[in-house]
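Chain letters run A, B, ... following the sequence lines, proteins first and then strands; every chain starts at 1.
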There are 2 protein chains.
Amino acid sequence: MSTQERKQREKQQRREAILDAAENEIFAKGLDQATMDEIAERAELSKGTLYLYFRNKNELYMGLCERGSSLLNQRFAKVLTADRSGIELVRMLGETYIDFVRENPDYFRTFLYYESFDDEEELEQSEVACNCEDNVREAFTYTVRALQIGMQDGTIDDSRDPRQLALIIWGATRGIIKLSFMKETGHHLQVLEEVEGDFKTLYDRFQDIVLRGIAPSSEK
Amino acid sequence: MSTQERKQREKQQRREAILDAAENEIFAKGLDQATMDEIAERAELSKGTLYLYFRNKNELYMGLCERGSSLLNQRFAKVLTADRSGIELVRMLGETYIDFVRENPDYFRTFLYYESFDDEEELEQSEVACNCEDNVREAFTYTVRALQIGMQDGTIDDSRDPRQLALIIWGATRGIIKLSFMKETGHHLQVLEEVEGDFKTLYDRFQDIVLRGIAPSSEK
DNA sequence: TGATATGGATGACTGTCAGTCAGTAAATGA
DNA sequence: TCATTTACTGACTGACAGTCATCCATATCA
């Protein structure tokens, strides 16, 4: 193999090593508390080197978002191969999502961060951010596909635009999952503690309501 | 009036002046870009004085959340006085919320910030944060009340726990409103641009689905 | 095998900013 | 008039993200 190739591979490995170190530090202490110096030390590199691989701290954190969203997409892709009705696929996608968040709350935090990130400028020139964007688009496409299948097989009312409906379901689901996530991670909001229902229960109830809401009218 | 009282009033006025300055600076530049020095300058006070009124920058920002949530609650309270069916009240609460966010996107940002804030310690000893918490609880109570009215008057299926249902609706609504908010404020996510529907349209469609989902079964 | 070129890695350094605190001034009250 | 309290000030500190002149290991070639 050529020197070129070897160098390329080494570069990739180092990048992963940096991401591993960042994951350890940031997931343990939180984004604000983790410093670039500590991440560098854990990666056994100097701080300057981190900046050869990532533009800044934001981009490094988004590298973790990229990782997490790829993992989640793998699971989504698998769901879509199942031979089920459209509405069942929608339900399964939602369950996959909430299971993922329960298992990987820290990755979910990176998603929230990425979505709320505001500096357009910085995002556009970042390859990492673009990959995150692609992953979001991919996830969205899975939802659209499941809805289309449901509209075909008659398990979902077909009078709505599937893309718009996907957006609505996606947004609402995000909201519920974030709430469950807050409830589960012992968030300060007391209201959360005072209401019954754990991570999954809340989500199941929500799903019942939505799936009922998008089912075809019974009088048809 | 006593000297005591006058001082008390002056203190309150100064506090408001600081909040005004913070609002101007932070809403214009964003939380990260606005500095305490600039806020102090705009308030025509020294930086040290800001710290006599607010523990730190977070708490100052939460002061804005407190303002915003109080304003929103005033609107919610008014809705609840209307002589309407429960399901209509739920719909009106949602509309009130989305109108508020459209008019005051910057206050909405403070809500998001407060809800995602993580440092339990800091929150507990902050009076400002406690007021925010109270406001959240108040808003939540309005939703519960509307649902209970609906369960009484038969416009909402009464087999669910109204508090749990309120939490679910609240979470999902938050999710949709955040999405609309992102779409409206020109967020980077391209998926948002590619789907039809503005702020209100998305929300209306969502509401149709949910209200259909929580209506009593027609075969009853 | 030694000379030279290349580019990845380094870490001391800089600028910025949140937060502090010793000191000052003004108001109050004896 | 003086003592005491209270409010305010702004220079200073520490922490940290991000930079850049320099170093050094390896590749390349005579």
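OP1 and OP2 of D/dA7 both lie 4.0 Å or more from every side-chain N or O belonging to B/Arg14. Here B/Lys7 does not reach the OP1 or OP2 of D/dT6: none of its side-chain N or O atoms lies under 4.0 Å away. Residue B/Thr49 places at least one side-chain N or O closer than 4.0 Å to OP1 or OP2 of D/dT9.
If you measure from atom CD of B/Glu41 to atom C1' of D/dT9, you get 14 Å, rounded to the nearest angstrom. The separation between A/Leu45 atom CG and C/dA9 atom C1' is 8 Å, rounded to whole Å. Distance CD (A/Glu44) to P (C/dT10): 10 Å, rounded to an integer number of Å. As a whole-Å value, the separation of A/Asp119 CG from D/dG18 P is 12 Å. Atom-to-atom, OH of A/Tyr51 to C1' of C/dC13 comes out at 14 Å; the value is rounded to the nearest Å.
A salt bridge does not link A/Arg55 to A/Glu122: none of the charged side-chain nitrogens sits closer than 4.0 Å to a carboxylate oxygen.
B/Tyr53 comes within 4.0 angstrom of sugar-phosphate atoms only, judged by non-hydrogen atoms across all strands, and of no base.
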Yes or no on side-chain hydrogen bond (donor to acceptor under 3.5 Å, both in side chains) for A/Ser70 and A/Asn73, after CA distance, side-chain angles and deciding distance?
CA-CA 5 Å; A/Ser70 296; A/Asn73 276 347; over 6 Å; no

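With contacts defined as side-chain heavy-atom distances shorter than 4.5 Å, the pair B/Arg163/B/Phe140 qualifies. By the 4.5 Å heavy-atom criterion applied to side chains, A/Leu179 and A/Lys183 are not counted as neighbours.
A donor-acceptor contact under 3.5 angstrom links the side-chain atoms of B/Lys47 to the base of C/dA18.
Mapping A/Lys57 and B/Lys11 onto DNA chain D by nearest heavy atom places B/Lys11 at the nucleotide closer to the 5' end.
A/Thr201 and A/Asp198 share a donor-acceptor pair across their side chains, judged by distance under 3.5 Å alone.
Among residues at least two apart or in separate chains, side-chain hydrogen bond (donor to acceptor under 3.5 Å, both in side chains) pairs with a member in residues 25-34 of chain A are A/Glu25-A/Lys29, A/Glu25-A/Arg42, A/Lys29-A/Glu38.
Shown for residues 15-38 of chain B: residues whose heavy atoms fall under 4.0 angstrom of DNA chain C, namely B/Ala34, B/Thr35, B/Met36.
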